[in-house]
Amino acid sequence: MGRIVFAEERHFDYLNSLGSPDGYSVGLVLGQSTAQKDFVVHLARTLPAANIDVIEESLLVSPMNGSESTANNYMKSIKDLDLNLVADHAKHVTRMLPGGMWVLGIFIVGPGDCFNDSNCISKIRSVLTAIQRNLASNVYLYGNSNQENLILSYNSSTDQYVCKSTDANTGGILKPADWKFQKKATKWHQLEALVDLDHIFPILDGASHTLKRQLQDIVKNISDMISSSLIIIEGESRSSEDLIEAIGKKKRTKKVRSEEEEEKILQVGVYLPCTHKEKKGTVRIVSCSASMRLMGQLVSRIVLHQKASINEATNAMKQDILRSLASRLELHWDSVIEEENGSPEENITLHEPPRRVLVELPQSKVTLSDYLFPGEGPQESLILLKELLDLEVSENQIQKDVERQVDPAEFYSQNEVKTVPVDLGKETVSNNHVTAYIAVIVMAIIIALFGILVNELYSVKGS
């Protein structure tokens, strides 16, 4: 039995709008996947590289007219498709997806059926391989969690479509998939969590790691914590096989369900382990020149299909937390032009990775994420939404206050550096004659209430 794919009729209208008598469009299929079913939430055309600058200029002048400059840009043939462009598109879009959702595959719109052309099939397989390879380069994005990839071919001349699925692990064999456009909107369960973080990560004395490497190490450590964390939904521990919909039914006592009850966001508690797992009796004394502190609160929001289980919810929530943290830290270290070495005159250096903002998809409760750096506003999100999702929204549709921006003055006043020599005693001094007095250089990552920032505290090492 092949896969069954559910998509709302508005997605058919979108495919039809991309039709051209002599050109092709390619894009990504986004949604949620189960063992036998896929739920499509959005179709995002991959725009030609030459169009991106045009979109930015158009949106900066008039936010709602960005599509006029790009409506007639198509590929003359599928052989002109840029594999790296589509793979890079998939990586950026994956950052925007909530946990439990992925790039399910790709779609092709053109005056013909791609499955009747062996060259087209070969090209599409190469595209899927490129996407898989690119997403696999960052395990914390969880981009390769779906088992099979969808390929939707839409014939703009006949308005007919064919969908097939393929699994790279089985040699790329094409299998039939039943794609259904439905009038009724897909129902989703919404879950939200506030994750409290306060962790210190030592940087060994003499380590010459870059800020990027240090942040990567932090993501790895947090990943281990999140993986072993306990997820509690609506204040109760439940069996992994229980269904999410049973939670809502249990809480409702009236026979008539109001609209407010139907749209209730379920609250999730995330409980991190208190200590790292170490071998019994293991005690280590290390000399550190710095540490990085991760503290504060992170907002996580996911949506799940109607028959989702507690196990699916648990996995999706953990994916969302790590995907969001890894995405914004990666964006931050890519934005740092030069490594900061610090100086005695400048003990505290404040880094602020981007904060999360949310935007609802049209006619849906599904929200996707964007990340805004300090000083950026919704205008920058409009550009990115058009470039990556081919989506036009107004500024008031962007939920920009989900996470707030930190006040630097408030932060600095609470983080004065006080260096105190510590006498470890002669018995703790190693053969390398490590000094008995350690002055700690503190580098801290701060996730402020509804915001993330990175703080580096420098002090002169004692002698």
Side-chain angles (χ1 to χ4, degrees), residues 5-19 25-33 38-47 51 55 58-59 62-71 89-90 92-107 109 150 152 154 156 159 161 179-192 259 262-263 265 301-306 320 356-372 378-402:
V5 186
F6 296 98
E8 295 167 16
E9 284 190 341
R10 60 188 173 86
H11 299 307
F12 180 87
D13 297 334
Y14 177 72
L15 293 172
N16 185 265
S17 71
L18 298 180
S25 292
V26 173
L28 305 175
V29 179
L30 313 178
Q32 198 162 96
S33 183
D38 293 308
F39 301 90
V40 177
V41 299
H42 192 63
L43 302 177
R45 177 175 56 161
T46 301
L47 297 172
N51 278 359
I55 290 175
S58 300
L59 284 174
S62 178
M64 300 308 295
N65 293 330
S67 61
E68 295 180 2
S69 302
T70 60
H89 184 202
H92 288 299
V93 166
T94 298
R95 286 174 174 166
M96 307 176 77
L97 295 174
M101 289 197 175
W102 308 279
V103 174
L104 300 180
I106 61 174
F107 67 83
V109 177
L150 302 176
L152 177 65
Y154 177 85
S156 56
D159 287 340
Y161 58 90
W179 185 295
K180 299 177 180 292
F181 286 106
Q182 55 184 6
K183 292 183 180 180
K184 190 176 181 180
T186 302
K187 291 185 178 180
W188 299 97
H189 299 293
Q190 299 182 74
L191 294 86
E192 184 176 85
E259 182 178 350
E262 289 289 349
E263 297 180 355
I265 298 179
R301 187 180 298 177
I302 62 172
V303 292
L304 296 166
H305 62 91
Q306 198 169 11
D320 187 73
R356 192 177 206 172
V357 296
L358 299 174
V359 57
E360 285 188 358
L361 290 173
Q363 305 172 39
S364 174
K365 290 299 179 183
V366 177
T367 56
L368 304 187
S369 301
D370 186 21
Y371 297 95
L372 296 180
Q379 183 69 36
E380 281 75 14
S381 288
L382 297 181
I383 296 173
L384 198 69
L385 291 169
K386 181 60 183 176
E387 288 179 359
L388 297 180
L389 300 177
D390 201 13
L391 186 64
E392 292 184 356
V393 298
S394 59
E395 287 190 17
N396 57 15
Q397 291 175 274
I398 298 175
Q399 301 174 30
K400 58 182 180 297
D401 296 324
V402 176

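What's counted below: heavy atoms across the whole structure, side chains too, no hydrogens, waters or symmetry copies.
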Report the distance from atom [atom1] of [X] to atom [atom2] of [Y], rounding to the nearest 0.5 Å.
X: Glu8; Y: His42; atom1: CD; atom2: NE2; value: 12.0 Å
X: Leu47; Y: Leu388; atom1: CG; atom2: CG; value: 8.5 Å
X: Trp188; Y: Lys365; atom1: CH2; atom2: NZ; value: 14.0 Å
X: Tyr161; Y: Asn16; atom1: OH; atom2: CG; value: 12.5 Å
X: His92; Y: Leu384; atom1: NE2; atom2: CG; value: 8.5 Å
X: Leu97; Y: Leu389; atom1: CG; atom2: CG; value: 8.0 Å

- prompt: Please walk me through it: do Phe39 and Phe6 pass ring pair (Phe, Tyr, Trp, His ring centres under 6.0 Å)?
  reply: CA-CA 5 Å; Phe39 301 90; Phe6 296 98; 5.8 Å; yes

message: Let's go through Val40 and Val5 carefully: what are the C-alpha distance in whole Å and the side-chain angles of both, what is the deciding distance for side chain to side chain contact (heavy atoms under 4.5 Å, CB included) to 0.1 Å, and is it a yes or a no?
response: CA-CA 7 Å; Val40 177; Val5 186; 3.6 Å; yes

CA sep, side-chain torsions, deciding dist, call: Ile398, Leu382, side chain to side chain contact (heavy atoms under 4.5 Å, CB included): CA-CA 9 Å; Ile398 298 175; Leu382 297 181; 3.9 Å; yes

query: At their closest point, which heavy atom of Ser381 faces which heavy atom of Asp370, and how far apart are they?
result: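 Shortest heavy-atom contact: OG-OD2, 2.6 Å.
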
query: What heavy-atom pair brings Ile265 and Leu191 nearest, and what distance separates the two atoms?
result: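 Shortest heavy-atom contact: CG2-C, 4.1 Å.
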
message: Pair Val29, Leu43 - check side chain to side chain contact (heavy atoms under 4.5 Å, CB included), show working.
response: CA-CA 5 Å; Val29 179; Leu43 302 177; 3.9 Å; yes

task: Run through Arg356, Arg95, Arg301 and flag the one making a salt bridge (charged side-chain N to carboxylate O under 4.0 Å, His left out) with Asp320.
output: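 Of all the options given, the one that passes is Arg356.
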
message: Gln32 vs Leu304, test: side chain to side chain contact (heavy atoms under 4.5 Å, CB included). Steps then yes/no.
response: CA-CA 8 Å; Gln32 198 162 96; Leu304 296 166; 4.0 Å; yes

Under the side chain to side chain contact (heavy atoms under 4.5 Å, CB included) test, residues paired with Ser17 that sit two or more places apart: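 For Ser17 the side chain to side chain contact (heavy atoms under 4.5 Å, CB included) partners, ignoring immediate neighbours, are Tyr14.
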
- prompt: Sequence neighbours excluded, which residues qualify as side chain to side chain contact (heavy atoms under 4.5 Å, CB included) partners of Lys183?
  reply: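 Lys183 satisfies side chain to side chain contact (heavy atoms under 4.5 Å, CB included) with Glu9 once adjacent residues are dropped.
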
- prompt: Does any N or O in the side chain of His189 come within less than 3.5 Å of the main-chain N or O of Gln306, such that one atom is a donor and the other an acceptor?
  reply: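 Yes, His189 side chain to Gln306 backbone: donor-acceptor pair under 3.5 Å.
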
